[in-house]
Amino acid sequence: MPDGSMMSMTGRDPWTMKLEDIDVSDTELWRTDSHWPFFARLRRDDPVHYCRNSAYGPYWSVTKFHDIMAVDTNHRVFSSEASLGGITILDAREDLCLPMFIAMDPPKHDAQRKVVSPIVSPTNLAQLEGLIRTRAGRILDALPIGEDFDWVEHVSIELTSQMLATLFDFPFEDRRKLTYWSDVATTIPGPGMLVETDDAKLAILMECLRAFTDLWNQRVNAEPKGDLISMLAHADATRNMSPEEFLGNIVLLIVGGNDTTRNSISGSVLALNRNPDQYAKLRAHPELIPSMVSETIRWQTPLAHMRRTALEDSELGGKTIRRGDKVVMWYVSGNRDDSVIENADAYIIDRKTPRHHLSFGFGIHRCVGNRLAEMQLRIVWEELLKRHPFVGVVADPLHVPSPFVKGYARLMVRIPG
């Protein structure tokens with residue numbers, strides 16, 4: 001758990017402070033959206049950086065595009081295993097350490113991932129598109145005109161919770177529970193946070209487990225269907241999971257289906273408002289929506305990092321990483337690497353290669369639902385531009401105070417009357 005007594009780096013100059021004093025995991029940097037210059041300093045002066053003291057213990061920061069790719073594609077040296085620490089900078093308490101296929105190495109990872117991947121096959125996505133379009137239209141038609149409202153609550157959460165309920169065949173009227181469980185699962189407990197203690201977090205995750213266990217029990221003895229729970233219940237690689245492993249994979253699928261899409265939908269509105277020339281370009285050329293979607297996912301980087309644990313001594317960027325070291329790939333920094341992405345700090349919706357980014361990861365752990373996330377964002381904007389040529393942000397966003405989920409708790413907007 002973060003130590004509240006540790007001095008925050010906000011208010012300190014990242015360009016003059018000692019490199020060894022930089023800790024980009026500092027939660028306050030993420031709450032205030034002030035992490036950018038710290039990463040710029042690391043990319044310039046120490047792209048593979050060791051932080052000795054943080055709320056999460058010592059860790060390596062990998063901040064440049066190609067170094068991140070080198071770690072992400074080398075699972076033989078850099079492990080995702082939950083038992084070694086998993087995929088986030090936070091070392092979970094033992095009873096909160098949930099095995100899930102993204103936090104596994106081959107061959108078990110490959111077998112479990114293969115079970116759920118048909119849900120996002122091109123054929124299934126084509127079948128889902130009409131449903132998503134209908135729902136997006138219904139959500140957008142219900143928005144108030146000429147008054148302030150929270151885009152996160154009314155659009156981003158609503159669309160993604162409906163999609164999650166469909167993918168799981170979860171009771172539709174209870175779909176907001178999925179959003180809540182996702183938020184709890186990714187929250188770092190502490191004073192003023194969504195959950196304040198590990199015990200409170202565990203209790204809520206047990207509620208999630210009980211709900212999904214009931215659905216599993218209904219479907220394991222029924223004919224196989226196309227929803228995620230039925231897929232898990234009827235596949236050889238997943239039918240005999242422990243309760244912890246079942247919960248881990250459910251949490252993974254909820255978070256994966258929620259955070260990337262939800263925060264990119266919000267991020268697209270913010271990015272276009274902060275770049276009115278790009279918003280005007282989009283209105284004039286709606287055929288740029290797919291490119292804008294990819295640029296938004298790069299610009300937003302909805303999951304700021306993924307973590308690995310070194311299985312052996314190795315060298316990266318001239319630094320020696322020791323066996324057992326915590327290695328954090330900061331996707332959010334790699335997506336601003338000017339040596340790979342031209343004018344990387346700018347938001348440009350018609351880039352030549354807009355899908356060349358790190359937000360979905362690389363290698364065996366590349367996001368399984370990336371095409372679904374892109375499709376939902378594309379459809380939202382296709383339907384939005386038909387109805388409302390402009391959605392204006394009316395206040396600074398409220399950022400999620402987390403070095404893992406890079407998202408928005410609130411984004412107040414207004415559609416002109």
Side-chain angles (χ1 to χ4, degrees), residues 98-102 112-113 115-121 124-125 127-136 138-139 142 152-187 194-195 201-235 238-239 241-263 265 367-369 371-373 375-376 379-380 405 407:
L98 300 176
M100 56 186 75
F101 68 78
I102 197 174
Q112 291 199 358
R113 180 184 169 107
V115 170
V116 299
S117 58
I119 199 94
V120 288
S121 68
N124 206 44
L125 290 183
Q127 293 173 349
L128 286 171
E129 179 159 355
L131 176 63
I132 296 171
R133 192 173 298 280
T134 298
R135 287 176 173 174
R138 191 180 303 131
I139 290 166
V152 174
E153 176 70 19
H154 285 78
V155 180
S156 302
I157 290 178
E158 189 55 34
L159 185 68
T160 52
S161 64
Q162 290 187 21
M163 190 72 259
L164 282 172
T166 297
L167 296 178
F168 284 111
D169 193 13
F170 190 85
F172 200 72
E173 65 277 10
D174 292 332
R175 62 189 179 276
R176 287 298 181 105
K177 290 182 179 179
L178 299 171
T179 304
Y180 178 63
W181 290 330
S182 175
D183 290 345
V184 169
T186 57
T187 291
L194 183 61
V195 289
K201 181 173 182 173
L202 181 60
I204 294 167
L205 292 179
M206 289 302 103
E207 291 176 7
C208 175
L209 176 59
R210 286 191 291 272
F212 276 95
T213 299
D214 288 344
L215 295 175
W216 172 288
N217 290 337
Q218 294 169 23
R219 290 170 201 176
V220 71
N221 295 315
E223 286 296 310
K225 296 193 301 178
D227 65 275
L228 286 167
I229 303 173
S230 186
M231 288 177 171
L232 292 169
H234 290 276
T238 50
R239 68 170 78 241
M241 292 184 291
S242 67
E244 294 79 14
E245 197 170 318
F246 176 49
L247 176 60
N249 276 321
I250 291 298
V251 165
L252 166 63
L253 294 167
I254 293 174
V255 171
N258 175 54
D259 282 309
T260 300
T261 309
R262 163 180 154 189
N263 290 313
I265 290 173
C367 175
V368 70
R371 296 295 187 180
L372 176 58
M375 184 172 77
Q376 289 184 84
I379 291 171
V380 164
V405 173

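Bear in mind that the values here come from a model prediction, so they are computed numbers and not experimental data. All residue numbers in this chain count up from 1 along the given sequence. Both backbone and side-chain heavy atoms feed into the values below; hydrogens, waters and symmetry mates do not.
- Checked against Leu253 for a side chain to side chain contact (heavy atoms under 4.5 Å, CB included), the options Leu167, Ile229, Leu228, Leu178 give a single hit: Leu228.
- The shortest non-hydrogen separation linking Ala373 to Thr260 is CB-CG2, 4.2 Å.
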task = Would you sort out whether Phe212 and Leu232 count as a side-chain contact (heavy atoms from CB on, under 4.5 Å), showing the intermediate values?
result = CA-CA 11 Å; Phe212 276 95; Leu232 292 169; over 6 Å; no

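- A pairwise comparison of heavy atoms in Pro243 and Leu209 identifies O-CD1, 3.7 Å as the closest pair.
- Taking the side-chain hydrogen bond (donor to acceptor under 3.5 Å, both in side chains) definition, one finds that Arg133 meets it with Glu129, Glu382, Glu383, sequence neighbours left out.
- Rounding to the nearest 0.5 Å gives a distance of 10.5 Å between CG of Leu202 and CD of Glu207.
- In this structure, the side chain of His234 engages the main chain of Ala222 through a donor-acceptor pair within 3.5 Å.
- Residue Phe170 holds its CZ atom at 10.0 Å from CG of Leu164, rounded to the nearest 0.5 Å.
- Separating the CG atom in Leu247 from the CE atom in Met241 is a distance of 10.0 Å, to the nearest 0.5 Å.
- Among all heavy-atom pairs drawn from Arg239 and Trp216, the shortest one is O-CZ2, 3.4 Å.
- Contact record, Phe246 with Thr213: CE2-N, 3.8 Å, taken as the closest heavy-atom pair.
- Counting only distance, with no hydrogens or angles, the side chain of Lys201 and the backbone of Thr187 share a donor-acceptor pair below 3.5 Å.
- Residues Cys208 and Val184 fail the side-chain proximity criterion, which asks for heavy atoms closer than 4.5 Å.
- At distances below 3.5 Å, at least one donor-acceptor pair connects side-chain atoms of Thr134 with backbone N or O atoms of Gly130.
- Note that CD of Gln376 and OG1 of Thr160 are 7.0 Å apart. Values are rounded to the nearest 0.5 Å.
- With respect to Glu158, the salt bridge (Lys or Arg N to Asp or Glu O under 4.0 Å) criterion is satisfied by exactly one of Arg138, Arg175, Arg262: Arg175.
- For CD of Glu223, the number of neighbouring non-hydrogen atoms (other residues, nucleotides, ligands) closer than 6.0 Å is 12 at most.
- Closest non-hydrogen pair, Ala185 versus Val251, comes out as CB-CG1, 3.5 Å.
- Summarising the geometry of Leu205 relative to Trp181, their closest heavy-atom pair is CD2-O, 4.5 Å, with the distance given to 0.1 Å.
- In this structure the side chain of Leu128 reaches within 4.5 angstrom of the side chain of Met163, judged on heavy atoms.
- With values rounded to the nearest 0.5 angstrom, Thr261 atom OG1 is found 9.0 Å from Ile132 atom CD1.
- Donor-acceptor pairing under 3.5 Å is recorded for the side chains of Thr166 and Arg135.
- Residues passing the side chain to side chain contact (heavy atoms under 4.5 Å, CB included) test with Ala235, sequence neighbours excluded: Val115, Thr238.
- Rounding to the nearest 0.5 Å gives a distance of 4.0 Å between CG of Asp169 and CZ of Arg219.
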